[in-house]
Novice: 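Before I ask anything, let me first share the structure, which is written out below as structure tokens.
Side chains are part of it too, since the values below use all heavy atoms of this structure and drop only hydrogens, waters and symmetry mates. Remember, predicted model here, so these are calculated numbers, not experimental data.
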Amino acid sequence: MWFWGTIAATLVLLMSVSLLQPKLLETRQLSPAMLKNLHHLQRTLERRADNRPEQPLATLLPGRNRTHGPKIYLRHSDELKSVLSHPALLEWDLSLLNFTVNAPPQVVDTEQYRAFGPLDIRLQGESYQLFQLMDHRDPRVLTKIRLLPTWVKILILLLASFGFSLWFTRGLLKPVRQLQQAAAALAQGKLDTRANISTSRQDELGQLGKDFDLMASHLEAHVTQQKRLQADISHELRSPLTRLQMANGIASDKAPESLMPYLQRVEKEAHLLEHMLSDILQLSRLESQQQQVSLHAISLADLLDPILDDASFESQQLGKEVNWETLPDLTLTVDDMLLGRAFENILRNAIKYANKQITLDAQCDNNRLSVAICDDGPGVSDAMLEKLCIPFFRASEARTPEGTAGSGGFGLGLAIAQHAIKVHHGRIQFSNHGGLRVTVELPIDKHVL
């Protein structure tokens, strides 16, 4: 429909432009056959005029009684003495032929007729110019279109095709762009994203949009149900875990010395499990946007200095070092516990996988606070960079030394950090820079007093 609509619109535009020019003509060279025919007509008229000198010229012209077919026009320098072979010629604008007074015989096309001539002829003592005229059989509008200059027809064709193709393309690409943006948002974890293509659209793209929205709804429901189940299980496990810790404490008071190492091991694993359940519940609240955010004014130094001091102490016990420059003098309005937890998780991850050194660099630029935390460890393969914030994911092959995979944590720290930073309208990025480089960006205008 668009294809044929474009062709129809181009024809309409051509007709409209042709109607704006009431007098159009086109000239071309006369063919030898037609020139021979015109000379034959010339001799015929001269013979008739010589044989009947007293008879009016109009009665000597052939085709006087025919409605269709060739018609004769004898043009005189005095327009009143010009002779027409048929009354229909009175309706034609013969003045369009005036430019041919001193021109050689040729074909002249106008919107009403086609003329062959002129050819000089002398009849009954007067000089005339002979034209043979034929009316056009095609509709007048089509004739006018044909007589348009070639450059005008090409220009109209290009403009019409471009205009309607652009209109068609925009109508086609708009839902495609909506689907593309919705798919990108869905890939980033925004499960409430929908393509929202108009319901009145009944073509394949409209159906694709409906199917996409249906898929996104089912995916959101499935993931929400899974997260709810995960949170419920984690919450329900805390009660038996608490009772287990209490029972273990009572058993430790009454158990003989030989059993103490085993009971201490139970206590350690119970604390580890409790910590993991706490992380899962916090992550679940962050993902479902149920985390209570308490904003307070705090300087960047007051936020990061305690975390850096703890990280420095912890790294020294492992024979490593944390270095940082003077922090920018900024006062932020943030949830210091939540954002501090994010930076702490990133620093602990860097300490765990660093060989000797961890660096923190904070910069302010273009209304953004950028905090880069780098380690000099083995880094992460490019294929795994985008997976580091997936819960329970650990790039153990690249980041965990051989034989220490069990000490790699639960894979929740960076996931919690990512969601905590999102709550503050920021973003976290990972790249390889010798080791792993984690960059946290926060918009200053939303958090600076």
Novice: Partners of Trp92 by ring pair (Phe, Tyr, Trp, His ring centres under 6.0 Å), sequence neighbours excluded?
Specialist: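 If we apply the ring pair (Phe, Tyr, Trp, His ring centres under 6.0 Å) test to Trp92, skipping adjacent residues, the hits are Tyr113.
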Novice: Report the residues that fulfil side chain to side chain donor-acceptor pair (under 3.5 Å) with Glu314, sequence neighbours left out, ordered by chain and then residue number.
Specialist: Arg348
Novice: Taking only residues two or more places apart in sequence, or in another chain, which ones meet Asp192 in a salt bridge (charged side-chain N to carboxylate O under 4.0 Å, His left out)?
Specialist: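 For Asp192, no residue satisfies salt bridge (charged side-chain N to carboxylate O under 4.0 Å, His left out) once neighbours in sequence are set aside.
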Novice: Suppose the criterion is salt bridge (Lys or Arg N to Asp or Glu O under 4.0 Å): which pairs have a residue in residues 155-166, not counting sequence neighbours?
Specialist: none
Novice: Does Pro256 have any side-chain contact (heavy atoms from CB on, under 4.5 Å) partners at least two apart in sequence or in another chain, and if so, which?
Specialist: Ser258, Leu259
Novice: For Ser315, which residues count as a side chain to side chain donor-acceptor pair (under 3.5 Å) partner, sequence neighbours excluded?
Specialist: none
Novice: Pairs of donor and acceptor atoms involving the side chains of residues 173-187, under 3.5 Å and at least two apart or interchain, shall be tabulated with distances.
Specialist:
unit_1 : atom_1 : unit_2 : atom_2 : d
Gln178 : NE2    : Ala195 : O      : 3.3
Gln178 : NE2    : Asn196 : O      : 3.3

Novice: List the residues meeting side chain to side chain donor-acceptor pair (under 3.5 Å) with Glu220, not counting sequence neighbours, and say none if there are none.
Specialist: Arg194
Novice: Could you work out, with ring pair (Phe, Tyr, Trp, His ring centres under 6.0 Å) as the rule, every residue matching Phe343, not counting sequence neighbours?
Specialist: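 Residues passing ring pair (Phe, Tyr, Trp, His ring centres under 6.0 Å) with Phe343: none at all.
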Novice: Identify, with sequence neighbours excluded, every residue that meets side chain to side chain donor-acceptor pair (under 3.5 Å) alongside Asn98.
Specialist: none
Novice: Report the residues that fulfil side-chain contact (heavy atoms from CB on, under 4.5 Å) with Glu321, sequence neighbours left out, ordered by chain and then residue number.
Specialist: Asn323
Novice: Using salt bridge (charged side-chain N to carboxylate O under 4.0 Å, His left out) as the criterion, list what pairs up with Glu441, not counting sequence neighbours.
Specialist: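 In terms of salt bridge (charged side-chain N to carboxylate O under 4.0 Å, His left out), with neighbours along the sequence ignored, Glu441 is linked to Arg368, Arg427.
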